[in-house]
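First comes the structure, then the notes that go with it.
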Amino acid sequence: MWRRVASLSSALESDLMQAATCGAGAWQRAFSSTQVEVEGFERKSHPFVAFVLGGPGSGKGTQCMKIVETFGFTHLSAGDLLRKEIASNSENGSMILDTIKEGKIVPSEVTVRLIQAAMEAGRNDRFLIDGFPRSEENRAAYERVIGAEPDMVLFFDCPENEMVKRVLSRNEGRVDDNMDTVKKRLRVFSELNLPVIEHYSIKGKLRKIDGTGSADEIFERVRSAVFAALREREER
Ligand SMILES: Nc1ncnc2c1ncn2[C@@H]1O[C@H](COP(=O)(O)OP(=O)(O)OP(=O)(O)O)[C@@H](O)[C@H]1O
Ligand SMILES: Nc1ccn([C@H]2C[C@H](O)[C@@H](COP(=O)(O)O)O2)c(=O)n1
Ligand SMILES: [Mg+2]
């Protein structure tokens, strides 16, 4: 069982800071060098989970890639998991495709089961869950099935005109990257996603990030927020 030494705060702080500037390898070394097997202090038994929210094209996927590189998280995109279901001709494939084309939200039990399976296969203790929960129903289903709340919620706040511009120039062949579907997704974002964001704001878990500027500029904001949340969790 993992135990840790009583006083690691300043050593941990410098190791974490070094990891945050040096990439995932250094991050992992920082943790293994500060966690030693001694009696009296149990390692956290559940993984650190960050939900990543924001409107279509707000930059969730782009920033998740940078968080993975820097902090060694496993990135699970709900949209990617659903697109894989379509590609694998699963029994839900055609329902998922129709829902995505319409810019609507796939029934929660389908998405939560995919997330649960990916977390179990992920073999990590830090997960980014990108594009989820997108509704109160998604949120309640996750809490019921997984039995835990996220440790932090990152929200990329970006003006609609910028999100539309980014989506329409994405060029990855997505069936929902067109003006008609983007308008529907923006409506779903306001009506169903924003109440979830508000919920986590009230709970004090929300880290709102200004999603404008270059991807690197945004990541400087993200880096501080993730660093602070990891440190808080470590101190709990
Ligand atoms: N800061 C930025 N400035 C300009 N373009 C960006 C920025 N961040 C991301 N992009 C580009 O905008 C597009 C959308 O970004 P991304 O896929 O990360 O958004 P998303 O929030 O994951 O969207 P979705 O919810 O539709 O999956 C991509 O083509 C990406 O390269
Ligand atoms: N929790 C979720 C996440 C995604 N979907 C569907 C509907 C979205 O428009 C689409 C694409 O997601 P993205 O890649 O933009 O995160 O996938 C959903 O139904 N429920
Ligand atoms: Mg995305």
Side-chain angles (χ1 to χ4, degrees), residues 49-69 75-87 92-116 118-119 128-143 145-146 150 153-197 209-223:
V49 172
F51 288 159
V52 183
L53 302 178
S58 59
K60 300 180 292 297
T62 303
Q63 294 300 321
C64 282
M65 284 195 286
K66 291 177 176 290
I67 297 170
V68 167
E69 280 167 22
H75 175 209
L76 304 178
S77 154
D80 286 350
L81 292 170
L82 292 167
R83 284 184 283 273
K84 273 190 205 139
E85 281 293 285
I86 299 170
N92 288 318
S94 62
M95 175 276 289
I96 296 172
L97 177 60
D98 292 345
T99 309
I100 287 180
K101 278 185 186 163
E102 277 304 304
K104 293 186 177 156
I105 296 181
V106 171
S108 299
E109 67 268 20
V110 173
T111 315
V112 171
R113 291 291 168 201
L114 293 172
I115 291 171
Q116 184 186 31
M119 286 175 87
L128 290 171
I129 305 188
D130 163 4
F132 183 95
R134 274 203 159 85
S135 64
E136 282 292 308
E137 198 213 21
N138 266 187
R139 183 180 70 73
Y142 178 92
E143 287 178 16
V145 172
I146 306 293
V153 179
L154 278 175
F155 163 47
F156 292 101
D157 186 25
C158 195
E160 273 196 12
N161 61 347
E162 176 65 19
M163 294 196 279
V164 171
K165 195 172 81 185
R166 290 182 192 173
V167 165
L168 296 183
S169 53
R170 179 155 43 192
N171 214 12
E172 288 177 6
R174 280 178 49 162
V175 293
D176 53 349
D177 280 354
N178 57 76
M179 197 59 195
D180 187 39
T181 311
V182 170
K183 277 187 192 157
K184 292 175 180 163
R185 296 179 68 203
L186 284 169
R187 207 172 315 128
V188 166
F189 174 68
S190 302
E191 287 171 10
L192 299 179
N193 299 187
L194 283 178
V196 178
I197 290 163
I209 306 286
D210 174 359
T212 61
S214 72
D216 285 343
E217 284 165 349
I218 297 165
F219 186 64
E220 285 312 306
R221 300 164 200 149
V222 171
R223 185 204 298 269

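Here the structure is a predicted model, which means the values were calculated and not measured. Both counts, for ligands and for their atoms, begin at 1 and track the order of listing.
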Please lay out, stage by stage, how L154 and L53 fare under the test side-chain contact (heavy atoms from CB on, under 4.5 Å). CA-CA 6 Å; L154 278 175; L53 302 178; over 6 Å; no
Working note: K84 + D80, criterion salt bridge (charged side-chain N to carboxylate O under 4.0 Å, His left out); need CA distance, chi angles, decisive distance, verdict. CA-CA 6 Å; K84 273 190 205 139; D80 286 350; over 6 Å; no
Begin from the C-alpha positions of E69 and K66 and carry the test salt bridge (charged side-chain N to carboxylate O under 4.0 Å, His left out) through to its verdict. CA-CA 5 Å; E69 280 167 22; K66 291 177 176 290; 5.7 Å; no
Using the salt bridge (charged side-chain N to carboxylate O under 4.0 Å, His left out) rule, take R187 and E191 through it: C-alpha gap first, then chi angles, then the decisive distance, then the call. CA-CA 6 Å; R187 207 172 315 128; E191 287 171 10; 5.4 Å; no
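Within ligand 1, the atoms closer than 4.0 Å to a non-hydrogen atom of S214 are 1 (N), numbered from 1 in the order shown. Against a heavy-atom cut-off of under 4.0 Å, R174 is close to the following atoms of ligand 1: 24 (P), 26 (O), 27 (O). Here is the list of ligand 1 atoms found below 4.0 Å of a heavy atom in I218: 1 (N). Distances below 4.0 Å separate heavy atoms of P56 from the following atoms of ligand 1: 25 (O), 26 (O). Listed by atom number, the atoms of ligand 1 under 4.0 Å from R185 heavy atoms are 24 (P), 25 (O), 26 (O). The atoms of ligand 1 that sit less than 4.0 Å from any heavy atom of R134 are 25 (O).
Ion pairing of R139 with E143 is present here, as a side-chain N (NZ or NE/NH1/NH2) and a carboxylate O approach within less than 4.0 Å. For R185 and D176, the salt-bridge test passes: some basic side-chain N is under 4.0 Å from an acidic carboxylate O. Salt-bridge annotation for K60 and D130: absent, with no side-chain N of the basic residue lying under 4.0 Å from a carboxylate O of the acidic one. Salt bridge present: E162 and R166 bring a charged side-chain N and a carboxylate O closer than 4.0 Å.
Contact check for F156 versus D210: no side-chain heavy atoms found under the 4.5 Å cut-off.
Smallest separation of non-hydrogen atoms from I105 and S135: CD1-CB, 4.2 Å. Considering all non-hydrogen atoms of both residues, A78 and G131 come closest at CB-O, 3.9 Å. Listed here is the closest heavy atom pair of S58 and C158: CB-CB, 4.1 Å.
Here the rule is side chain to side chain contact (heavy atoms under 4.5 Å, CB included) with V106, and of I96, L81, N92, D98 only I96 fits it.
Heavy atoms of S58 approach ligand 1 to within less than 4.0 angstrom. At least one heavy atom of A215 lies less than 4.0 angstrom from ligand 1. Residue E172 places every heavy atom at 4.0 Å or more from ligand 1. Not a single heavy atom of Q63 sits under 4.0 Å from any atom of ligand 1. Contact annotation: G54 has no heavy atom less than 4.0 Å from any atom of ligand 1. Under a 4.0 Å heavy-atom criterion, G213 is in contact with ligand 1.
Protein heavy atom in closest approach to atom 22 (O) of ligand 1: G61 N, 3.0 Å. Nearest protein neighbour of atom 30 (C) of ligand 1, counting heavy atoms only, is T62 OG1, 3.7 Å. For atom 25 (O) of ligand 1, the closest heavy atom belonging to the protein is K60 NZ, 2.6 Å.
Aromatic pair F51/F155: ring centres not closer than 6.0 Å.
Of the listed options R166, K165, R170, R166 places a heavy atom closest to atom 4 (C) of ligand 1.
Residue contacts with ligand 1: D130 is placed with no nitrogen or oxygen under 3.5 Å of a nitrogen or oxygen of the ligand (distance criterion only). On a distance-only criterion, G57 and ligand 1 share at least one N/O pair closer than 3.5 Å. Of the polar atoms of G59, at least one N or O is found under 3.5 Å from an N or O of ligand 1, judged by distance alone.
Protein neighbours of ligand 2 below 4.0 Å, counting non-hydrogen atoms: A78, G79, L82, R83, I100, K104, I105, V106, G131, F132, R134, N138, R174, D176, R185.
Around the CZ atom of R113, the shell of radius 6.0 Å holds no more than 12 heavy atoms that belong to other residues, nucleotides or ligands.
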